[in-house]
Protein chains: 2
Amino acid sequence: MTHRTVGHPPGLPDHDPRARVDAPAPDCPVEIALAALRGRWTTLVVRELLGGERGYSELRRALPRLSDKVLSERLAQLAEAGVVTRVRRPGWPPTVRYALTPHGRRLGPVLQALWDWGAAAG
Amino acid sequence: MTHRTVGHPPGLPDHDPRARVDAPAPDCPVEIALAALRGRWTTLVVRELLGGERGYSELRRALPRLSDKVLSERLAQLAEAGVVTRVRRPGWPPTVRYALTPHGRRLGPVLQALWDWGAAAG
DNA sequence: CTGAATCCCTGCCGATACTG
DNA sequence: CAGTATCGGCAGGGATTCAG
């Protein structure tokens, strides 16, 4: 959805056309960000990659209860969102490395903000 | 899920027991925050309330395509999460006012962080 | 080793109708 | 005015199986 954080300094310019909508809009930046993080396991995969480049089976070992299907889905989703890059290495056995893009690394502060809010007493 | 924003200054203490899990955990602060914002329309309702106290029908007018059912669900969900308070006013016709709690108002920076990330070029 | 395809089940959301 | 009850469609996620 589209947002203006009204009354919250500094606040974004109200001239942004993606603001002031009355329904969920896929081009709203907040929607884009939440879409990138959407789905079970997604943030755990990102957290793992914040620790550095990983291979497919390394991710599987780090998250043993995550199924192949969902891991594939998440990696595809995150690649689509421009968060991770996928690099096939030639040779045998075939190996693939996953790493955060610069944009993906900028999710660090976002996850921190979410953590801080969730950690504060309700 | 539980997160440690590894490699991102300042970073949280790694002693937090809610970190370093290998599966989605409901008590992880990031999970808590995402759960509060989960579901369609949720952030739009919050954004509306960031502009100040609102009544039920004011919210309906601001978000005309949001059904009664989902609006009720969202307000209940946000109240459960400690984000909004619900105040019935005596008299006729019955009126109810919804407002953000202090905790809810702290979602401003969180939504800002999400906006900023989503607005940055991928 | 690194995935994609399939099956099934569950939970979310929207529409409609009804109540205090 | 401020909701709740009910139903149906669809997408998400887990287990298993198959493929490059």
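Not measured: the values here are computed from a predicted model. So you know, we letter chains A, B, ... as the sequences are listed, proteins then strands, and number each from 1.
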inquiry  = For dG3(D) and Tyr98(B) - does any side-chain N or O of the residue sit under 4.0 Å from the phosphate oxygens OP1/OP2?
reply    =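 Tyr98(B) to dG3(D) OP1/OP2: side-chain N or O found under 4.0 Å.
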ask   = Do the side-chain N or O atoms of Ser57(A) get closer than 4.0 angstrom to the phosphate oxygens (OP1, OP2) of dT2(C)?
value =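 Checking Ser57(A) against dT2(C): at least one side-chain N or O falls below 4.0 Å of OP1 or OP2.
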ask   = Do side-chain atoms of Trp117(B) reach the backbone of His103(A) as a donor and acceptor pair under 3.5 angstrom?
value =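 Looks like yes, one N/O pair under 3.5 Å.
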query = Taking side chain as C-beta onward, heavy atoms only, is Leu66(A) less than 4.5 Å from Val45(A)?
reply =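 The answer is yes; the side chains approach within 4.5 Å.
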request  = Output the distance between atom CH2 (Trp41(A)) and atom CG (Leu71(A)), rounded to the nearest 0.5 Å.
outcome  =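 The CH2 atom of Trp41(A) sits 10.0 Å away from the CG atom of Leu71(A).
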key: Residue pairs involving residues 76-94 of chain B (criterion salt bridge (charged side-chain N to carboxylate O under 4.0 Å, His left out); sequence neighbours excluded)   =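 Counting only pairs at least two positions apart or across chains, the salt bridge (charged side-chain N to carboxylate O under 4.0 Å, His left out) contacts touching residues 76-94 of chain B are Glu53(B)-Arg89(B).
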ask   = Whole Å only: how far is the CG atom of Leu63(B) from the C1' atom of dA2(D)?
value =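 Taking CG of Leu63(B) and C1' of dA2(D), I get 16 Å after rounding.
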ask   = Whole-Å distance between dC1(C) C1' and Leu75(A) CG?
value =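 Interatomic distance, CG of Leu75(A) to C1' of dC1(C): 14 Å.
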query = Going through the distances and angles, do Asp116(B) and Arg106(A) end up as a salt bridge (Lys or Arg N to Asp or Glu O under 4.0 Å)?
reply = CA-CA 10 Å; Asp116(B) 290 343; Arg106(A) 277 178 231 123; over 6 Å; no
inquiry  = Under 4.0 Å between a side-chain nitrogen and a carboxylate oxygen: does that hold for Arg61(A) and Glu48(A)?
reply    =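 No, Arg61(A) and Glu48(A) are not salt-bridged.
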task = Take nucleotides 11-20 of chain C nucleotide by nucleotide from the 5' end and write B, S or -, depending on whether a protein heavy atom sits under 4.0 Å from the base, only from the sugar-phosphate, or from neither.
result = --BBB----B
